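Worth knowing before you read on, the calculation uses all heavy atoms, side chains too, and leaves out hydrogens, waters and symmetry mates. Only a predicted model underlies this, so the values are computations on that prediction, with no experimental measurement involved. Quick note on labels: first sequence line is chain A, next is B, and so on, each numbered from 1.
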Protein chains: 4
Amino acid sequence: MARPKSDDKRSAILAAAIRVIVKQGLGAPTATIAREAGIANGSLFTYFETKADLFNQLYLELKTGMAAAASDGLSHKATLRVQCARMWSNWTRWAAKHPDSRRALALLGVFGDLTAETRAAAHQAMVPMAVILERARSKGPLRNSPMNFAIAMMNSLAETTMDFMIQDPKHADEHSKVGFEALWRMLN
Amino acid sequence: MARPKSDDKRSAILAAAIRVIVKQGLGAPTATIAREAGIANGSLFTYFETKADLFNQLYLELKTGMAAAASDGLSHKATLRVQCARMWSNWTRWAAKHPDSRRALALLGVFGDLTAETRAAAHQAMVPMAVILERARSKGPLRNSPMNFAIAMMNSLAETTMDFMIQDPKHADEHSKVGFEALWRMLN
Amino acid sequence: MARPKSDDKRSAILAAAIRVIVKQGLGAPTATIAREAGIANGSLFTYFETKADLFNQLYLELKTGMAAAASDGLSHKATLRVQCARMWSNWTRWAAKHPDSRRALALLGVFGDLTAETRAAAHQAMVPMAVILERARSKGPLRNSPMNFAIAMMNSLAETTMDFMIQDPKHADEHSKVGFEALWRMLN
Amino acid sequence: MARPKSDDKRSAILAAAIRVIVKQGLGAPTATIAREAGIANGSLFTYFETKADLFNQLYLELKTGMAAAASDGLSHKATLRVQCARMWSNWTRWAAKHPDSRRALALLGVFGDLTAETRAAAHQAMVPMAVILERARSKGPLRNSPMNFAIAMMNSLAETTMDFMIQDPKHADEHSKVGFEALWRMLN
DNA sequence: CATGAATGAGCGTTCATTCAT
DNA sequence: GATGAATGAACGCTCATTCAT
């Protein structure tokens with residue numbers, strides 16, 4: 001095979017897309033993304049069939065990466081609270097470390113052409129996190145609400161926390177902790 | 001004369017914009033909004049200098065309306081909890097009653113060309129709500145966090161609650177109550 | 001109505017399309033046609049929804065014009081031969097006078113996106129000519145062949161004749177006459 | 001070495017081009033032709049310098065093949081009418097047998113970038129057929145018209161006949177005969 | 001002031017051709 | 001020579017905005 005489709009280039013496009021989306025929003029021209037990735041505008045379409053395809057894949061990759069980061073090193077032997085705390089810490093730390101990814105992910109979340117498949121897959125990636133949360137919810141005051149309600153609440157609290165961590169990086173850890181305690185109060 | 005021209009038409013455009021944004025997103029053509037408002041495409045620009053201007057004004061109007069609804073009938077004599085509950089109830093009820101406005105507001109919130117002025121004014125509109133929340137925060141576990149953190153958390157919890165109320169209107173009241181209790185736990 | 005859609009402009013676009021198609025073929029950019037018509041590239045699309053639409057309308061207009069020219073001044077009292085001769089003369093003269101239209105028509109005939117409706121309408125325009133030919137066919141050696149066969153043969157003979165008339169304008173009349181006699185022999 | 005590289009591959013490309021042109025028209029991507037030929041898109045350009053080159057060569061090859069088929073088995077001892085009839089029969093039979101080739105040839109005939117050389121060579125290929133026709137023409141009513149006129153007329157009659165033969169294969173032979181008689185009447 | 005045609009920059013995508021492997 | 005990724009000019013069409021009526 002001559003000049004195989006390089007994974008590096010694919011990654012470069014995705015990385016460029018993050019940067020460009022953060023700067024210009026979802027309306028950013030594919031040509032700009034291509035230039036930022038250091039390739040010709042047409043080349044983008046060897047790696048992604050359409051702009052929507054690119055955005056779907058990017059969304060999924062970011063979401064998956066985020067979920068993986070959040071789930072890292074969870075010891076199943078630990079207390080539920082410890083597990084939750086670890087997950088929360090992982091999660092918010094990831095956001096603080098990758099503010100562009102986080103922002104792009106937020107924007108992509110409202111991208112009109114996200115596929116049902118993409119959404120489903122993104123949901124799948126969150127399952128491990130959901131499982132842990134679920135154990136906490138089912139014993140507390142939210143026990144009669146739908147599981148998705150609790151997940152969504154955790155999500156929204158996390159988003160808010162992340163915003164503050166990114167805005168005010170000096171107190172990032174503090175914000176993260178405060179956020180977690182708020183979550184825990186909500187759950188218990 | 002602060003606002004010459006027909007105020008009716010202005011309102012028609014704003015109302016049309018809500019409907020169109022909900023259906024098509026922020027990328028919706030101004031021509032579509034104009035048609036929906038029953039006016040000629042060019043006329044839209046008699047009332048709003050640019051598309052961005054229209055969106056800024058709409059955002060502000062919606063936010064202000066929402067805040068006004070939330071602050072309605074708050075008795076300063078009542079308990080803090082009662083006041084908060086009333087505000088929460090007003091707020092989420094407004095969203096349940098105006099799902100399009102709520103959705104449009106959410107979309108406009110990520111509109112890239114929102115002015116600093118617009119954001120500031122929107123923030124202002126929320127002050128009365130913030131004041132009440134502030135009293136609760138300052139006595140509880142969030143007492144050492146910035147006020148905006150608490151506001152943002154309340155906001156995100158409210159957003160989530162509203163989503164579920166709109167999604168599942170039969171249990172709207174229930175969701176609203178559960179959401180409030182979660183908030184209250186978070187605050188105390 | 002402000003600045004009503006001018007028929008002049010529509011005609012200018014059609015006329016420009018003829019010229020450009022002759023020079024560049026069906027692949028000619030719409031922008032070139034617009035420039036040739038003296039309007040902005042985007043304006044073309046106020047008059048024709050798509051390039052295909054433009055080409056369909058142009059095809060129909062040319063075909064209709066051609067058929068009308070061919071059918072001009074036919075006396076129903078005259079001999080069949082005289083009528084046929086008149087039609088043939090009208091027809092080929094039209095082509096000789098409007099070589100660009102004729103060429104564009106030929107190219108448009110193989111345009112891949114001609115609508116069934118367009119083809120049907122074009123067919124309709126040819127009916128008056130077909131009627132006359134039909135009377136000749138049904139009495140001669142082609143009486144057992146499908147009517148369309150005779151029409152197609154007349155067509156192809158006419159096309160050939162026109163080519164020669166345009167190529168060699170000095171003997172246009174002579175070519176036309178020779179062509180007609182050939183047709184007549186074929187029919188009788 | 002006039003033609004290095006694999007002759008098989010060259011033929012495969014030409015054959016593929018016929019199929020693709022019939023299905024998609026002259027605008028068909030070279031990449032599609034290459035895929036249909038079972039080679040890589042870039043390889044096409046090892047065999048043909050440009051798309052136009054490919055189309056020119058294909059046109060010539062088809063025309064030559066057609067002319068060869070038409071001229072097959074002509075006995076110079078036979079009557080002029082018999083020779084013409086044989087040629088006509090060969091010719092139209094070829095079309096009926098190779099409808100794709102015939103259709104591609106027709107499309108290529110209006111390809112804008114056919115070279116003068118190609119046209120000349122194609123003309124050359126028709127000479128043997130022209131010679132026979134010429135003998136008929138020079139004695140009949142077309143004796144005062146240019147030879148090319150007669151050739152073109154025969155051509156156009158043949159095209160029409162072929163169309164009907166392909167459209168209505170059950171009566172192909174009949175159409176062929178009727179077409180020939182029409183030609184013969186025209187010539188005499 | 002209302003209208004809607006006119007404008008033209010801009011976008012996503014295609015594709016003939018080139019060239020690194 | 002074969003491959004297929006890379007290139008970038010080009011195209012059809014959209015749409016915010018302007019302006020003649």
Side-chain angles (χ1 to χ4, degrees), chain A residues 1-6 9-10 27-35 37-55 113, chain B residues 4-6 9 27-35 37-55 113, chain C residues 1-6 9-10 27-35 37-55 113, chain D residues 4-6 9 27-35 37-55 113:
Chain A
M1 205 189 342
R3 223 183 323 186
K5 234 187 287 200
S6 101
K9 218 158 270 183
R10 198 189 107 94
T30 54
T32 304
I33 297 173
R35 190 178 333 115
I39 60 169
N41 58 52
S43 299
L44 189 149
F45 296 93
T46 358
Y47 290 87
F48 302 93
E49 288 195 6
T50 61
K51 189 188 190 185
D53 183 34
L54 164 60
F55 280 11
D113 292 346
Chain B
K5 308 147 212 170
S6 144
K9 236 163 244 184
T30 54
T32 304
I33 297 173
R35 189 180 334 116
I39 61 169
N41 61 52
S43 300
L44 190 148
F45 295 92
T46 316
Y47 293 87
F48 302 94
E49 287 194 9
T50 64
K51 190 188 190 183
D53 182 34
L54 164 59
F55 280 8
D113 292 347
Chain C
M1 203 189 346
R3 222 182 323 187
K5 233 185 289 198
S6 100
K9 219 158 270 183
R10 198 188 107 94
T30 54
T32 304
I33 296 174
R35 189 178 334 113
I39 61 170
N41 58 52
S43 299
L44 189 148
F45 296 95
T46 11
Y47 290 87
F48 303 94
E49 288 196 6
T50 62
K51 189 188 189 184
D53 183 33
L54 165 59
F55 280 10
D113 291 346
Chain D
K5 309 148 213 169
S6 142
K9 237 163 244 185
T30 54
T32 304
I33 296 173
R35 188 178 336 113
I39 61 169
N41 61 53
S43 300
L44 189 149
F45 295 92
T46 316
Y47 294 87
F48 302 93
E49 288 194 9
T50 63
K51 190 186 189 183
D53 182 32
L54 164 59
F55 280 9
D113 293 347

Could you state the atom-to-atom distance from [atom1] of [X] to [atom2] of [N] in whole Å?
{"X": "A/D53", "N": "E/dT14", "atom1": "CG", "atom2": "P", "result": "12 Å"}
{"X": "A/I33", "N": "E/dC11", "atom1": "CD1", "atom2": "P", "result": "11 Å"}
{"X": "C/F48", "N": "E/dA5", "atom1": "CZ", "atom2": "P", "result": "14 Å"}
{"X": "B/R35", "N": "E/dA5", "atom1": "CZ", "atom2": "P", "result": "12 Å"}

Atom pair [atom1]/[atom2] of [X] and [Y] - distance to nearest 0.5 Å:
{"X": "D/K51", "Y": "D/I33", "atom1": "NZ", "atom2": "CD1", "answer": "6.5 Å"}
{"X": "B/E49", "Y": "B/L54", "atom1": "CD", "atom2": "CG", "answer": "12.0 Å"}
{"X": "A/D113", "Y": "A/T50", "atom1": "CG", "atom2": "OG1", "answer": "8.5 Å"}

Suppose we screen for side chain to side chain contact (heavy atoms under 4.5 Å, CB included). Which residues come up paired with [X], at least two apart in sequence or across chains?
{"X": "D/A31", "value": "D/N41"}
{"X": "B/T32", "value": "B/V20, B/Q24, B/P29, B/R35"}
{"X": "B/A40", "value": "B/S43"}

For DNA chain F, report each stem as range with range, ordered by first number, or say none. Use Watson-Crick or G-U wobble pairs under 3.5 Å, at least 3 in a row.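 If one scans DNA chain F for consecutive Watson-Crick or G-U pairs, the stems found are E:2-21 with F:2-21.
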
Could you work out, with side-chain hydrogen bond (donor to acceptor under 3.5 Å, both in side chains) as the rule, every residue matching C/D53, not counting sequence neighbours?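 Once residues adjacent in sequence are excluded, the partners of C/D53 under the side-chain hydrogen bond (donor to acceptor under 3.5 Å, both in side chains) criterion are C/Q57.
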
Protein within reach of the bases, or only the backbone? For nucleotides 6-12 of chain F, mark each nucleotide 5' to 3' as B, S or -, using heavy atoms under 4.0 Å. SBBB-SS

Nearest heavy atoms of D/F45 and D/T30, plus distance in Å: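 Answer, listing the atom of D/F45 first, then D/T30: CZ-OG1, 4.0 Å.
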
